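Report on the following structure.
Side chains are part of it too, since the values below use all heavy atoms of this structure and drop only hydrogens, waters and symmetry mates. Here the structure is a predicted model, which is why all the values come from computation and not from measurement. Below, chains carry the letters A, B, ... as their sequence lines are ordered, and counting in each starts from 1.
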Amino acid sequence: MVPNGGEIMAIKDLPMDEYILKGHAACPGCPATIALRITLKALGKKTILIVPACCSAVIQALHPHTAFNVPTLNIAFEASAAAASGVAAALKMLEKKDVLPVVWAGDGGSYDIGLQALSGALERGTDFIYICYNNQMYSNTGIQRSGATPYGAWTTTTWTGKKERQKELAEIVMAHHIPYVATATIAYPEDLYEKMKKAKEMKGPRYIEILSPCPPGWRFDMSKTVEMSKLAVETGAWVLYEVINGELKFTGYSKRILEGKERKPIEEWLKMQGRFRHLKPEDIEKIKQQLDEKWQHYKKIYGGKE
Amino acid sequence: MKTAISIPTEGAMGKTGTWRVFHPVIDLNKCIKCWRCWIFCPDAAIDRNEHPVIDYDYCKGCGICSNVCPVNAIEMRREEK
């Protein structure tokens, strides 16, 4: 639960508006559609979605029908942020100040292929929101390795486990000094909703990253999508924070971990996923070590401020 | 040049309920109306009336609703055909 001016926001208070229509083409148990439903509840109908090649381009289903009830521009893989700059410029010329261009891209289109367009748009100060729903692999094309795939994870192109660490795109984005950067995940819809609302009210480039556990890609049962997302935060594998004008603030469970709550053992999260099934004890040890390093870094930032 | 524009339609991919192997059944006596099933449904197939109503035309049977229910009011039953 996230305090909102003294009030506690609950799931039942979220708006009833629905912009994702029933009968779309997503896999059963898809986290991206959960995330997009909550996102559009917060952003409302005056939104133009810009979708590069990713699962969401397929979820819209077949022409001449679409399951997205907001204007959507489908664009090439690397061009989403550049296209958003164009849409923002057009909206400015038409003096439509209440319409918001929103990029909805996967981690492949953000971490790897769309990175230069994203960096360019952030640097130009384009007035838009960039949302990366991160499932840590190229799920749409059949589970290939991406820059967001964590150490040790199986994909079809790293079938003995990835040997490299993932990069932190949110930290790369932070280096552009933009007004708003946030991370969220689907297991905490109130938190995600609040962050979207906050982003909507600001101007300039805003970036939000949503961890989306993908059942076919991560190799777990489709009913456990939300559980997996929650465990990622509780074990510390995913961190919830927001950065408003350069000031970093941890939110939700991640804040509680920094205030002294014990992290759940990472094995709990790893064991539930088939993509980590081949890991040897020394691999798990290495993952633990990387995680400890990461949290020590966050503790230093947190301790320095409070 | 003609632009390819798609029209928002319910059931753009057809009746996706046919994908289902298990279907959720809500025990309304146990339901506390926390609406967790409603917000976490990836298919928006749970409607908010006085109590949650599942749209079996479009429910893909993923079982997330059953998994997130805090009072175990939703049971997954195998489809019989």
Problem set entry | salt bridge (charged side-chain N to carboxylate O under 4.0 Å, His left out) between A:Asp98 and A:Lys46, worked out | CA-CA 7 Å; A:Asp98 52 345; A:Lys46 297 235 164 182; 3.1 Å; yes
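Using a 4.5 Å cut-off between heavy atoms, A:Lys41 contacts chain B through its side chain alone, with no backbone atom that close. Neither the backbone nor the side chain of B:Asp57 has a heavy atom closer than 4.5 Å to any heavy atom of chain A. Residue contact with chain B, scored on non-hydrogen atoms closer than 4.5 Å, involves the side chain of A:Ile38 exclusively. Heavy atoms closer than 4.5 Å to chain B are found nowhere in A:Ala32, neither backbone nor side chain. When heavy atoms are compared at a cutoff of 4.5 Å, A:Ile186 approaches chain B solely by way of its backbone atoms N, CA, C and O.
With a 6.0 Å cutoff to the six-membered ring centre and a 45° limit on the axis angle, B:Lys60 counts as a cation-pi contact of B:Trp19.
Ranking B:Cys59, B:Gly14, B:Cys41, B:Ala45 against chain A, the residue ahead of the rest is B:Cys41, based on heavy-atom pairs under 4.5 Å. Highest contact tally toward chain A, considering only B:Ser6, B:Gly11, B:Gly63, B:Gly61, is held by B:Ser6 [criterion: heavy-atom pairs under 4.5 Å]. Of the residues considered (A:Met222, A:His65, A:Lys224), A:His65 shows the highest number of contacts with chain B, using heavy-atom pairs under 4.5 Å. Contact count versus chain A (heavy atoms, under 4.5 Å) is highest, among B:Ile64, B:Val68, B:Thr16, for B:Ile64. By number of non-hydrogen pairs under 4.5 angstrom with chain B, the leading residue of A:Pro64, A:Ala61, A:Pro31 is A:Pro64. Considering only heavy-atom pairs separated by less than 4.5 Å from chain B, the leading option among A:Met16, A:Glu18, A:Glu227 is A:Met16. When A:Thr66, A:Thr33, A:Thr225 are compared by the number of non-hydrogen pairs under 4.5 Å with chain B, A:Thr66 comes out ahead. Listed options A:Cys27, A:Pro28, A:Ala67 were ranked by heavy-atom pairs under 4.5 angstrom with chain B; first place goes to A:Pro28.
Distance check, rounded to the nearest 0.5 Å: CG of A:Leu43 to CE of A:Met196 gives 6.0 Å.
By the 30° and 60° cut-offs, the orientation of the rings of A:Tyr133 relative to A:Trp104 is parallel.
Within the structure, side chain to side chain donor-acceptor pair (under 3.5 Å) pairs that include any residue of residues 22-31 of chain B comprise B:His23-B:Glu79 (at least two apart or interchain).
Taking a cutoff of 4.0 Å between a charged side-chain nitrogen and a carboxylate oxygen, B:Glu75 and B:Arg77 qualify as a salt bridge.
Residues A:Lys195 and A:Thr251 bring a donor and an acceptor atom of their side chains to less than 3.5 Å of each other.
Looking at A:Glu190 and A:Tyr193, their side chains never come closer than 4.5 Å, going by heavy atoms from C-beta outward.
Surrounding CZ of A:Arg277 are at most 12 heavy atoms belonging to other residues, nucleotides or ligands under 6.0 Å away.
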